[in-house]
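Below, read A as the first sequence line, B as the second, and so on, with proteins coming before strands; counting in each chain starts at 1.
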Amino acid sequence: MGLKPVFTHRWDLSPSEAIHLQQQMARRVVQQDQFGEINRIAACDVAFPQNRACAAVCLFSYPQLKLLEQKVVVEEVRFPYVPGLLSFRETPPLLTAFAQLKEEPDLLVVDGQGVAHPRRFGIASHIGVILEKPTIGCAKSILFGKPTSELGQKKGSKVNLVTEEGEVIGMLLRSKDGVEPLVISVGHRISLESAVKFVETLCGRYRIPDVQRIADSLSKGNITAGLSSRRDSKPLF
DNA sequence: GCGACAG
DNA sequence: ATCTTGTCGC
């Protein structure tokens, strides 16, 4: 029972060893749609109250977005925050939480970058590859890359995020009029186009997708009674 | 050397 | 991310 790792590796690595591991694992990332019907989506997040890691994973039905499961685990922090190495700090406790789910999600939404990363292996790709699940990276700000042009102010505006060499590594999406855009990128087993479409169906009246807001809230110790503002959006696949 | 830098 | 009070707006 639960979603468990398909690939495993040590986590007590030095920064240089972690970077080398990312360079090797990045080769496993699939940036094309590789999934069937999506009926279950899982969102996750980690909070750090008093220097400890509190990881939360929420399972939702799709496209109804009804909250089906909530798992929370608290562990000691084993790695410092280093830009580019975020996954070595947040993934361990998240894997513990994912393993406790009763049902298997068909798609994962991670708070952070996927391939929009210096080595094309942000936390969304890391989790996606380890669990071998379609995964979307949905971050609140840019870590790597530059927008192709200025982004429109209206909700729904989009612009590519590219490397200095011109490689498209993500998409900026204005999820609400006037607010700072979301940074969407491929985590694993999904195309950037599909990732963006999914995120758009997950956004309601707030800047952050509802499923991520619920997971974020849960990791910070709040309770979500059981009803996330459910609504009806058309299935994409 | 300097600036940038997910959460 | 976390530390923190009040405050403006729908």
Assess the residue pair A:Glu132 and A:His188 against the criterion (side chain to side chain donor-acceptor pair (under 3.5 Å)); give the C-alpha distance rounded to whole Å, side-chain angles, the decisive distance to 0.1 Å, and a yes or no. CA-CA 8 Å; A:Glu132 206 54 67; A:His188 187 47; 2.8 Å; yes
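- Taking both residues in full, the closest heavy atoms of A:Leu192 and A:Ile184 are given as CD1-O, 3.6 Å, listed atom of the first, atom of the second, then distance.
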List, one per line, each side-chain donor-acceptor pair under 3.5 Å for residues 144-152 of chain A, sequence neighbours excluded.
{"residue": "A:Thr148", "atom": "OG1", "partner": "A:Asn160", "partner atom": "O", "Å": "3.2"}

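- No chain of hydrophobic side-chain contacts below 4.5 Å, direct or via other Ile, Leu, Val, Met, Phe, Trp or Tyr residues, connects A:Val183 to A:Leu86.
- Residue-level contact check: A:Ala47 touches the backbone only, with heavy atoms under 4.0 Å from sugar-phosphate atoms and none from bases.
- A 4.0 Å heavy-atom criterion places the boundary nucleotides of DNA chain C facing chain A at C:dA1 to C:dC3, written 5' to 3'.
- Using a cutoff of 4.0 Å between basic side-chain nitrogens and carboxylate oxygens, A:Arg120 and A:Glu167 are scored as salt-bridged.
- Few gaps surround CD on A:Gln23; more than 12 heavy atoms of other groups in view lie less than 6.0 Å from it.
- Ring-centre distance between A:Tyr81 and A:Phe48: not below the 6.0 Å cut-off.
- Minimum interatomic distance between A:Lys133 and A:Pro105 (heavy atoms only, all atoms of both residues): NZ-O, 3.0 Å.
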One character per nucleotide, please: for nucleotides 1-7 of chain B, 5' to 3', B when the base has a protein heavy atom closer than 4.0 Å, S when only the sugar-phosphate does, - otherwise. ----BBB
